[in-house]
Enquirer: 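Before anything else, here's the structure in question.
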Amino acid sequence: MNTLPMENSSAPIKPPSETKVLVAMSGGVDSSVAAALLKSQGYQVIGVHLQLWDQGESNQEKFGARCCSLVDSNDARRVCDKMGIPFYMINAQDVFREKVVDYFVHEYLQTRTPNPCVQCNNAVKFDYLFDRAQELDCDFMATGHYAQVRMDSGEQKARLHKAGDSKKDQSYFLFGMTQKALQMTMMPLGGLNKEHVRKLGIEFGLTQVADKPDSQEICFIGDEGYQGFIEKNASEDLRKSGVIRTVKGQTLGSHSGLFRYTIGQKKGLNINLKEEKEGLCVVGFDMNTQALIVGNESDLMKDELVATRMNWLQIPDLVRPFECHARIRAHHQEAPCKVTVFKNDTVHVKFDQPQRAITPGQAVVFYLKDEVIGGGFIERAGSEANLEALQGKLPS
Amino acid sequence: MQKRKPIYLDSNAGTPLHPHAIASLREWIDAYQRPTESGEFLGNPSSIHSHGRIAKQVLAEAREAVASSLGHNTDSGQVSFTSSGTESNQWVIRSVLEKAFQKTPTPHWITTSVEHDSVLQMQEWFLAKGGQLTLVPVDSKGVLVWDEAAFEEALRPETALISMIWVNNETGVISPIHLASRALKKSRREDVFLHIDGAQAWGKIPIDVQALKADSLALSGHKIGAASGVGVLWLKRGKQLEFFIRGKQERGRRGGTENILGILTLLAAAKAMDPKLSSQRLRPWITYLETAILTRIPEAEINGLGAPRVGNTLNVSFSNLRADSLVMALDLAGFSISSGSACSSGTLAASHVLLAMGRTQEEAKSSLRISLDPSFLTDRLDDAVRNDLDLFLNSLEKTISRMREVATQSQTRKHYEYPSYGKQFSSDQATV
């Protein structure tokens, strides 16, 4: 059997046979192979499936291949049966609703575009489940994430790096981990690519999960889409309609709730002027008048942002601006920038080149080469042209 | 994970097979292994031929053994085999109440607030159909607070059913079920059906159905050392139930070929049953655990302390911890145990029994149920038994102190502060 690139993970002090590892198992191929790899290396593996969302019986067909369906929990259980791993289900629906689902709805109502996977990692996997792992006296927690934890033995610190397979890299979603959680986390797939993982799945005899498709959409949203979900979950008073206005102040039409839009969106704009329609996209929101602001591609290009609720995996320079790369959404190619850290948990980022559609609510994650040094949530974007908007957010 | 064999402390969920049940299975194994040579194995009890007859004989013997475990001169003809205690409970409840719905759109059912899940399910069904439910409350010890007069007062013209759990599966508290039968007798309400869920009473306290004055009694095989998949319904002579499963088996009361191997184990277990002796032998160990837990573990509270309880069950709440983690941690340490009833321990729901006893949501999510059966003592010296229980107590003490430490750390850990978007939004926008 293939050996695991364990030198990339934080090195356990005890031998594997005495090291207890809780593996967070979704029922997908990644976490299943992660558990099988650790088991084959002699670790004391415990499989835990978090029940996060009750899709209801009527949705079972639809949700068949998704996160936290009955099918998935059963797959996780069968993988554990096969590998001789004790398996438990934990009902985390309350914490998931509060910390991920309600947050998701609130953010959209605030004209921000949330990333629920970031939130789930921060509040559910590496907080709630992390506590559970300690309650069960586990030395480590392991996940099927594509990212790498490296132990810096000199500094006694763990470092978070991108995955070996840049196509699958999930380090962006993990910037919110604490140093303690990082030191106690294994990500056995960090150095592998997806094809390799599927092959390992077959080699381990996990035929049930080896061919399962990757989860794509947001796990708690079904056919109704995110807009329908918010309609169902937020009262009408919080979903006001308004006008669509250009950056220059011209009214072009109306909309039925700002939560339906995100920065850079082109589809679904209900605009009357046919000749103007081409090339128009959402460039902002006016919360006071509930107006949707549209403009051209060029209006989307901004080179500054302010972010708050920061988490640092490496202590940043608190006096001088420092240079690094920043990723502003999950599928963004991180871009060079200068970061200034303010005391009140706020940073100002100045990109070397303007970036398209910097979106409030999304996470901005800072990289030094392949290493995640920290991140936070985008509050607002700006450019030289509207610096006053930025300055409002910065401490004087 | 653990080096020694796991220790089983969850008999109220299901006991291991009684040694006599294993012996009787063994006796038949050879016959099954060489069906052509042996000449006889347990066939279908409904068949006319010898294979069928011998199976029918096992059925009859099992019926007689069950009947004699329910008091002297109990008629074995009133004993039916079902698939489970759940089926027995639901068969009666559904049959009685469906008949009642034919007479009135709003029939009335009196039951307790501490019933088993199989009865809770029927309560939902009943309410959805428009029935009226009266739940008898319990006090903080888990004891029914009603006296005979209260039962009498609660009776309405449309009351069709009183059903009560005899021994609570979570706490082991024994209910004074005679109060209901006395109230019915006094008020001369022969039309009201009295059903007792005796699943956790069987084998733990002596049962005499004559003295019980009930119309039916539900029992379960895997609580007394038989295989799971066999239940019993005792029905008073003269009482009739609607079909739950139609068929000619069980004297035309319940369809489906009988679970003959399961019933074979039930025959042996029922014959071997000695409630007085097992209670007498187990109670000192439960007391031993109770005392040790209260001495060694801070903020532990025995549920049902001071109430009449069976000798094999101990239910204890620990402050500031999640029972599902505790059950998992103890399992990893090699102890099989559950939090509350097995039916609800797949997920962490607060125990409705503890809530009915006035516990908070938190307390009702932090309870552990320890239950023993005679097999725990069989062929073992007291020292060996004490050794197992001490191992458990050590592990429990260590686990709880670790879990409480994690909880404290977690509370002091820096959390992200989630802004109250909802509030901010509504107050800001109210003036727009």
Enquirer: State, without any angle test, whether B/Asp331 and A/Tyr88 hold a side-chain donor-acceptor pair at a distance under 3.5 Å.
Expert: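 Yes, because at least one side-chain N or O of B/Asp331 sits under 3.5 Å from a partner of the opposite role on A/Tyr88.
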Enquirer: Answer yes or no: is there a side-chain heavy-atom contact under 4.5 Å between B/Leu332 and A/Asp137?
Expert: no
Enquirer: Just wondering, more than 12 heavy atoms not from A/Ile315 lying within 6.0 Å of its CD1?
Expert: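 Open: at most 12 neighbouring heavy atoms sit under 6.0 Å from CD1 of A/Ile315.
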Enquirer: Salt bridge (Lys or Arg N to Asp or Glu O under 4.0 Å) with A/Arg245: which residues, sequence neighbours excluded?
Expert: A/Asp286
Enquirer: Report the C-alpha distance between A/Ile90 and B/Met328 in whole Å, list the side-chain angles of each, state the deciding distance to 0.1 Å, and finish with yes or no for side chain to side chain contact (heavy atoms under 4.5 Å, CB included).
Expert: CA-CA 10 Å; A/Ile90 294 178; B/Met328 293 171 204; 3.4 Å; yes
Enquirer: Rounded to the nearest 0.5 Å, what separates atom CD in A/Glu135 from atom OG in B/Ser410?
Expert: 8.5 Å
Enquirer: Can you tell me if B/Glu362 has over 12 outside heavy atoms packed within less than 6.0 Å of its CD?
Expert: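 Not more than 12 within 6.0 Å, no.
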Enquirer: Specify which of B/Met403, B/Arg402, B/Lys398 makes the most heavy-atom pairs with chain A at under 4.5 Å.
Expert: B/Arg402
